[in-house]
Amino acid sequence: MTSTTLDALNPDQKRAVTSLGGAALVLAGAGSGKTRVIAHRIAHLITDRHVSPHNILAVTFTNKAAGEMRERVATLLNKPALPFLWIGTFHAVCARILRADVQALGSRYTRDFTILDAGDASGLVRHLLRDRGISDRNIQPRAVLSAISRAKTGGMDAETFAEKAYGHFAQSVAPVYRDYERRLLDSNSMDFDDLLVLALRLIEEREEVRRRYAEQFQHILVDEYQDTNRIQYNLLRHLSGRWGNLFAVGDEDQSIYHWRGADLQNILDFQRDFPQAEVIKLERNYRSARPILEAANHLVSHNTRRLGKSLWTEREGGPAVKLFAAPTDREEAAFAADTLRAMNARYTWRQMAVLYRTNAQSRSFEEACLNRNIPYQVVGGLKFYERKEVKDLLAYLRLGLNPLDRLALLRILNVPTRGIGKGTVDQMERLAVERGTSLLEAVRLAVAEELLPTRSRLALQGFLEILDGLRTRVATTQPAALTEWVLSATGYVEYLTGLSEAGPDPESRIENIRELVSAMREFENQEQGDLRLFLERQALASDQDQIKDGALDAVKLMTLHAAKGLEFPVVLLCGLEQDLMPHVLSANSEEGVEEERRLCYVGMTRAMDALFLSWARQRYVFGVPQGRLPSPFLREIPSALLEEVGGVAYEERSSSLHEAALLLERAQQARAKEPAFRPGGRVHHPKYGFGIVLSTEGQGDGLKVTVSFNRFGRKKLLANLAKLEPV
DNA sequence: CAATCCCATTTTTTT
DNA sequence: AATGGGATTG
């Protein structure tokens, strides 16, 4: 790297880039150029300090960020590519370590292990709960899964958890946790947490493995350090144990993943953990216009758990932050779309983003954009790889690689339908338990030993033939060609075409399959990777990974979490309401509110030139209209920094709609006052019998009544759907 | 065994 | 409002 390259940095950045070594903490405020600093430091290490790329590990928060970082460094070095540099997310790095060394763990895992995605994991938990006959409504699969995850990342295995479990919930979770772990091992499968936990165990327990990696990684750089969890922290300690060169970059004001186990304390305690650490603050912001930065600074200054930074900018002027109070969520979306269209005079679509707290909010914005022919791309939400047809095909491939993958087998045993029903599957499961074999082995046994009626046996035999064909090709055929082979061997396309019109039309499903195959082609050309790596990449893909820069000029719609690390000239931050921002489920603890405030801060600081904030006085939640109040965060921004817009053009266009909405609201309020269901009143239900109304919520068609039934306990019912009558 | 219908639950954020 | 699971029917 030439000195002119370094000259492009400001003094603080330069200090960080050239920091000698040992532990260093770079507190990098939003928009202060931290990606730049990391890229330059890697380049500096390679050119000026003669460190081999193979001896550098850089951990990023998404795979997309990893790819961009790799390219950026290569550009700085004037090299076409840097294949030996280790760059990836914690999960990807751990997966790589495990693929290479999992056999040293001494367990039954092989390097062909499957990585379970979130859907697989929750489906598994649901089944395990059912198998144990646990159907308590207070024990939801989601809650169980997150309890298991918390235990795992907190270093508590199933046995310890069972010993320490007290209370109804924990005692119900304990056996499920044990089943879950067992099932994963039997299936040669790992969930997201296992990647970290098992990599850490490997490194802690196998000295030769630890030594090898610790020796290799002379320099470790970690981005988004504020969102690391305890396991990741321990991994870093071990991996940097030999050389001690740990370069951590983060911003405590942007920590937004506590609910996922991230521990803000990691960054707050950095100087305690590494007493010799050099601490460098990057406080100059290069991204946002002054009013945006000031508004964001004021907001986040209300937090208490901070190391404290004050961001400044040399940018002068810039328009005030706009605030719009919409009568309804529909009108909010209309405002957003109108604003996008107006701003499109000066900005391309891809330069603008609409941000919101929850995925469910995307719908109204999609509709508004659709109406006005504004091209948009929803980032996250229901992911491409979670579509049924895609998951089906991936299940074939997974099974081809890992015959123990039970979930994959169960998914496709009868897809396309080939006459293998629930009864047969149950029988196979029982046989597997009896003989102590995997499910697939049981299927083979049943066919070989002719344990089934001819029809079922022939069906299973047909399935096994396809699978064996797949197994013989899996090592030698590229992913795309293999997928095409599966399509023709199974008649999958014909199956989709013949499917009754329950779901989305076959056309779009077939289109998705084409997309999958072409994604594989692209992968083969660009990465020269094999099927194993493709499946891994796919399982660890983040929401941001689906953003294809330059592919299409479209407005991005995404959650605040998905927007982390990105920037846009124009940002619309929507749904700034009480109970949504901060979210109602985080509102009961000060810590929770602080994290929501940081989330809001992250959203605001994504904006470069223009920031629009909006909220709605009425919003549909659960299909029920609800009156809403503005977010308390709005009061924390000095009003001098906000410009309220009603939008004259907007008023003209929508005043009739507005009035209609008001009338509707009044009518609903009037109806809500009807005494049909009052707390304390007696009601009758055809199924549950008599009961007493405890409370009501919602209005009109969405009126919900909570009733304590004499014989069935507490139920929450939609008044006009449930045949509930006042007595 | 498969397709269809009906009901219940869902929504906080995700590697 | 939508999805998915369960029961029922063909």
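Order of the sequence lines sets the chain letters (A, B, ...), proteins ahead of strands, with each chain counted from 1.
You'll find that the side chain of A:Ser586 is closest to B:dT12, out of B:dT12, B:dC1, B:dT15. Side chain of A:Trp259, nearest nucleotide from B:dC1, B:dT12, B:dT14: B:dT14.
Aromatic pair A:His561/A:Trp259: centroids less than 6.0 angstrom apart.
In terms of polar N and O atoms assigned as donor or acceptor, the side chain of A:His91 comes within less than 3.5 Å of the base of B:dT15 in a complementary pairing.
Using a 4.0 Å heavy-atom criterion, one finds that A:Leu560 contacts no nucleic acid atom at all. Nucleic acid contact for A:Asn414: sugar-phosphate only, since backbone atoms but no base atoms lie under 4.0 Å from a heavy atom of the residue.
Residue A:Ile231 contributes atom CD1, which lies 18 Å from atom P of B:dT15 at whole-angstrom precision. Residue A:Phe61 contributes atom CZ, which lies 8 Å from atom C1' of B:dT14 at whole-angstrom precision. Look at CZ on A:Arg455: it is 11 Å from C1' on B:dA2, rounded to the nearest Å. Computed from coordinates, the A:Arg142 CZ to B:dT9 C1' distance equals 12 Å when rounded to whole Å. Atom CD1 in A:Ile256 sits roughly 9 Å away from atom P in B:dT14 (whole-Å rounding). We find that CZ of A:Arg260 is positioned 5 Å from C1' of B:dT14, with the value rounded to whole Å. One atom, CD1 of A:Ile148, and another, P of B:dT15, lie 20 Å apart when rounded to the nearest Å. At whole-Å resolution of the value, CD1 in A:Ile115 and C1' in B:dT14 are 15 Å apart.
The ring-ring contact (aromatic ring centres under 6.0 Å, His included) search around A:Phe61 returns A:Tyr257, not counting sequence neighbours.
Salt bridge present: A:Arg457 and A:Glu450 bring a charged side-chain N and a carboxylate O closer than 4.0 Å. Classification of A:Glu366 and A:Arg363 as a salt-bridged pair fails, no side-chain N sitting under 4.0 Å from a carboxylate O.
At a threshold of 4.5 Å between non-hydrogen side-chain atoms, the residues A:Ile256 and A:Leu560 do not count as touching.
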Extract from the structure each pairing of a protein N or O with an N or O of nucleotides 5-9 of chain C at less than 3.5 Å, listing the distance.
| residue | atom | partner | partner atom | Å |
| --- | --- | --- | --- | --- |
| C:dG5 | OP1 | A:Arg126 | NH1 | 3.3 |
| C:dG6 | OP1 | A:Arg130 | NE | 3.3 |
| C:dG6 | OP1 | A:Arg130 | NH1 | 3.0 |
| C:dG6 | OP1 | A:Arg130 | NH2 | 2.9 |

Result block: side-chain N/O donor-acceptor pairs under 3.5 angstrom for residues 414-424 of chain A, not counting sequence neighbours:
| residue | atom | partner | partner atom | Å |
| --- | --- | --- | --- | --- |
| A:Asn414 | OD1 | A:Arg418 | N | 2.8 |
| A:Asn414 | OD1 | A:Gly419 | N | 3.3 |
| A:Asn414 | OD1 | A:Ile420 | N | 3.2 |
| A:Asn414 | ND2 | A:Ile420 | O | 2.9 |
| A:Arg418 | NH1 | A:Ile412 | O | 3.0 |
| A:Arg418 | NH1 | A:Leu413 | O | 2.6 |
| A:Arg418 | NH2 | A:Tyr396 | OH | 2.8 |
| A:Lys422 | NZ | A:Asp426 | OD2 | 3.2 |

Could you pull out every donor-acceptor pair under 3.5 Å between side chains of residues 188-199 of chain A and any protein atom, sequence neighbours left out?
| residue | atom | partner | partner atom | Å |
| --- | --- | --- | --- | --- |
| A:Asn188 | OD1 | A:Thr110 | N | 3.1 |
| A:Asn188 | ND2 | A:Thr110 | OG1 | 2.8 |
| A:Ser189 | OG | A:Ser187 | O | 2.9 |
| A:Asp191 | OD1 | A:Lys152 | NZ | 3.2 |
| A:Asp191 | OD1 | A:Asp193 | N | 3.1 |
| A:Asp191 | OD1 | A:Asp194 | N | 2.8 |
| A:Asp191 | OD2 | A:Lys152 | NZ | 2.8 |
| A:Asp191 | OD2 | A:Tyr180 | OH | 2.7 |
| A:Asp193 | OD2 | A:Ser149 | OG | 2.7 |
| A:Asp194 | OD1 | A:Lys152 | NZ | 2.8 |
| A:Asp194 | OD2 | A:Lys152 | NZ | 3.1 |
| A:Asp194 | OD2 | A:Asp191 | N | 3.1 |

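Checking A:Thr417 against A:Val584, the closest nucleotide of DNA chain B that is more toward the 5' end is the one next to A:Thr417. Place A:Val621 and A:Gly421 on DNA chain B by their nearest nucleotides, and A:Gly421 ends up nearer the 5' end.
As rounded to the nearest Å, B:dT13 and C:dG4 have P atoms that lie 16 Å from one another.
Counting heavy-atom neighbours within 6.0 Å of A:His127 NE2, excluding the residue itself, gives a total of 12 or less.
Residue A:Thr559 places at least one side-chain N or O under 4.0 Å from the OP1 or OP2 atom of B:dT14. Between A:Asn229 and the phosphate of B:dT15, there is no side-chain N or O to OP1/OP2 separation shorter than 4.0 Å.
Counting only residues at least two apart or in different chains, salt bridge (Lys or Arg N to Asp or Glu O under 4.0 Å) contacts with residues 620-634 of chain A comprise A:Glu577-A:Arg628.
Of the residues in residues 356-364 of chain A, those with a non-hydrogen atom less than 4.0 angstrom from any atom of DNA chain B are A:Arg357, A:Thr358, A:Asn359, A:Ala360.
With A:Phe113 as the aromatic partner, A:Arg532 does not meet the cation-pi criteria of under 6.0 angstrom to the ring centre and within 45 degrees of the ring axis.
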